[in-house]
Protein chains: 2
Amino acid sequence: MLKGVFPIDKWDFKSGSVLNDLPEEELEMLFAHTTEHLYSKGQVIFREGAYPTGIFFIKEGKVKKYKVDKEGREQIVYVANTGELIGFHALLAEERYPDSSAVLENSKIVFIPKDNFMDVLNTSKVLARRLLKTLSHEFAVFANSLALFAQRSVRERFAMQLVLLREKYKQNFVPGMDVEINMSREDLASLVGTVRENILRILKDFKEEGILETKGRKIIIKDIKKLLSIVNQ
Amino acid sequence: MLKGVFPIDKWDFKSGSVLNDLPEEELEMLFAHTTEHLYSKGQVIFREGAYPTGIFFIKEGKVKKYKVDKEGREQIVYVANTGELIGFHALLAEERYPDSSAVLENSKIVFIPKDNFMDVLNTSKVLARRLLKTLSHEFAVFANSLALFAQRSVRERFAMQLVLLREKYKQNFVPGMDVEINMSREDLASLVGTVRENILRILKDFKEEGILETKGRKIIIKDIKKLLSIVNQ
DNA sequence: TTCAAAATGTGCTCTTTTTTACCTTTATTA
DNA sequence: TAATAAAGGTAAAAAAGAGCACATTTTGAA
């Protein structure tokens, strides 16, 4: 039996995960001799411009991928959840990281060295096919985001992101309980591509319209249909 | 010798093309029994929501990929050039087209049936690896676009798109000659994610600043450094 | 070549979004 | 636990962008 964070049978690969249904031998190869690391809220996993030496598996937690421009404004490009792999794009493209990654909450992250990943990719065709499918799918999602950012108002963009975030935070809660989105207003602004003040203003509007409630920094969506109707006009 | 648009040795696979340096046998398989079709300016290649039955190769011309929202506003997601494949994302993701495609100018398009594509993908590892690399790279490009759209002004976005378009239109011209970007103001607006009036206004500014000249609808960039300095602050 | 349709161009108004300048509340840690 | 930093919140002015109405030019089909 190989050392590492394997066995992974207790792990839960959520939908959208590249590793879902991957043959056990391949998972074993992938996670051979790996160890899990604890990252505390806000800690950076990798930085834009660095050369990748492996990929990262989110065993538990949430990770933001973001870019920072000259003025220091941050744009969150993607929020990754438990069960997802991050950083493999740069490895496959043989390029430096195009964005940075940091954990949004205390998280357990497994580093998978480049060799592990490449070995599995070379010996089996399942991973390659799975990656192709995932990447192609993500492409469609990205095209959607692009149109959203380019054409829609801040209010509409925020409504959309709240719907998507709710899906991500759903996994943390037992069925029946309220889903609590726990993200700073600053991070929400970075995700929507606006400033904090705008997020605050729209959050206030949404509260008055009965769409959501807040418990401190936590956001609880009460009327998802109304939220969706904002996005779909 | 197989029938089809093969031999492709006269073709010019530009950088960024998935087919660059692909083994001749694989190209032969891919293009077996295919024929080239003429599309006239504005003609639609495929429409959002349709099921893919194959992929398309741009033998000559330019193609826009775009999404249309409820109000009829169009957002161009990508401009593909001679030598590029389009429509393979949907096939690999096993989903319907997430966007539509139409030719921006009279173009020669080759339809490659699904079976051809899948056969090559199954028999060889080169294409799969090439696709993974291309997709991963495009991902970084897309992340950049997203940050651009989310954080930058219309003026900055337009400046950036002009730089990118110039690269695409460069291929049509002999070295030394002026590169002429030939796109309707409406399409430029769809690409930048704004309205026609804004494009007109900024185009006027750019002319006054000596950045570019226009010849009818054609745009000739005279000072690319100034244009880049707008994007990079 | 003519003529209608489509595309380009301009000025003005109105709306949305950002910026600025604060105050208040919640976390963190010495 | 008090001090201090960080995050949350509000209002008003300034700037950017969208929408509208209409004139002009170009294009392409009869």
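A, B, ... follow the sequence lines: proteins, then strands. Residue 1 opens every chain. Just so it is clear, the structure is predicted and the values come from calculations on it, not from any experiment.
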Enquirer: Among C:dT18, D:dG19, D:dG8, which nucleotide has an atom closest to any side-chain atom of B:Val195?
Expert: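 Of C:dT18, D:dG19, D:dG8, D:dG19 is nearest to the side chain of B:Val195.
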Enquirer: If only side-chain N and O atoms of A:Lys204 are considered, is one of them under 4.0 Å from the OP1 or OP2 phosphate oxygen of D:dA11?
Expert: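 Yes.
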Enquirer: Pick the closest DNA chain D nucleotide for A:Glu197 and for A:Ala150 by heavy atoms, then say which residue is nearer the 5' end.
Expert: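 Whichever sits nearer the 5' end wins; that is A:Glu197.
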Enquirer: As a test of reading the structure: which of D:dA18, C:dT10, C:dT19 is closest to the side chain of A:Arg201, going by heavy atoms?
Expert: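 The nucleotide sitting nearest to the side chain is C:dT19.
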Enquirer: When the distance from CG of B:Leu200 to C1' of D:dG19 is rounded to whole Å, what number comes out?
Expert: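 About 14 Å, once rounded to whole Å.
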Enquirer: At under 4.0 Å, does any side-chain N or O of A:Asn198 touch on OP1 or OP2 of C:dT18?
Expert: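 For C:dT18, OP1 or OP2 has a side-chain N or O of A:Asn198 closer than 4.0 Å.
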Enquirer: Round to the nearest Å and state the distance from A:Glu186 atom CD to D:dG9 atom P.
Expert: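 After rounding, the gap between these two atoms is 13 Å.
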Enquirer: Return the value, rounded to whole Å, for the distance between atom CD1 of B:Ile202 and atom P of C:dT8.
Expert: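 Computing the B:Ile202:CD1 to C:dT8:P distance gives 16 Å.
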Enquirer: In whole Å, I'd like the distance from the NZ atom of B:Lys215 to the C1' atom of D:dT27.
Expert: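 My rounded result for the distance is 18 Å.
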Enquirer: Tell me the interatomic distance from A:Asn182, atom CG, to D:dG8, atom C1', rounded to whole angstroms.
Expert: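 The distance from CG of A:Asn182 to C1' of D:dG8 comes to 14 Å, rounded to the nearest Å.
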Enquirer: Give a yes/no answer on whether the side chain of A:Arg217 brings an N or O atom under 4.0 Å of OP1 or OP2 in D:dG8.
Expert: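 Looking at the OP1 and OP2 atoms of D:dG8, one of them is under 4.0 Å from a side-chain N or O of A:Arg217.
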Enquirer: Roughly how many Å is it from CZ in A:Arg73 to P in C:dT17, rounded to a whole number?
Expert: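 One finds 16 Å between P of C:dT17 and CZ of A:Arg73, rounded.
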Enquirer: How many angstroms lie between CZ in A:Arg155 and OG1 in A:Thr194, if you round to the nearest 0.5 Å?
Expert: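 Here the interatomic distance stands at 14.0 Å.
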Enquirer: Can you measure from CG (A:Asn81) to CG (A:Leu165) and round to the nearest 0.5 angstrom?
Expert: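 Reported value, rounded in 0.5 Å steps: 10.0 Å.
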Enquirer: Has the side chain of A:Arg196 got a donor or acceptor that lies under 3.5 Å from a partner of the other kind on the base of D:dG8?
Expert: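 Such a pair exists between side chain and base.
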Enquirer: Within the side chain of B:Arg152, is there an N or O that forms a donor-acceptor pair under 3.5 Å with the backbone of B:Val231?
Expert: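 Present.
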Enquirer: Rounded to whole angstroms, how far apart are CZ on B:Phe158 and C1' on D:dA16?
Expert: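 Taking CZ of B:Phe158 and C1' of D:dA16, I get 17 Å after rounding.
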Enquirer: Rounded to the nearest 0.5 Å, what's the gap from CZ on A:Phe149 to CZ on B:Arg157? Could you check?
Expert: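 Between atom CZ of A:Phe149 and atom CZ of B:Arg157 there are 11.5 Å.
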Enquirer: Indicate yes or no: does B:Glu209 engage B:Lys226 in a salt bridge with an N to O separation below 4.0 Å.
Expert: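 No salt bridge links B:Glu209 with B:Lys226.
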Enquirer: I need the CD-P distance between B:Glu156 and D:dA15, as an integer number of Å.
Expert: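 In whole Å, D:dA15 P and B:Glu156 CD are 16 Å from each other.
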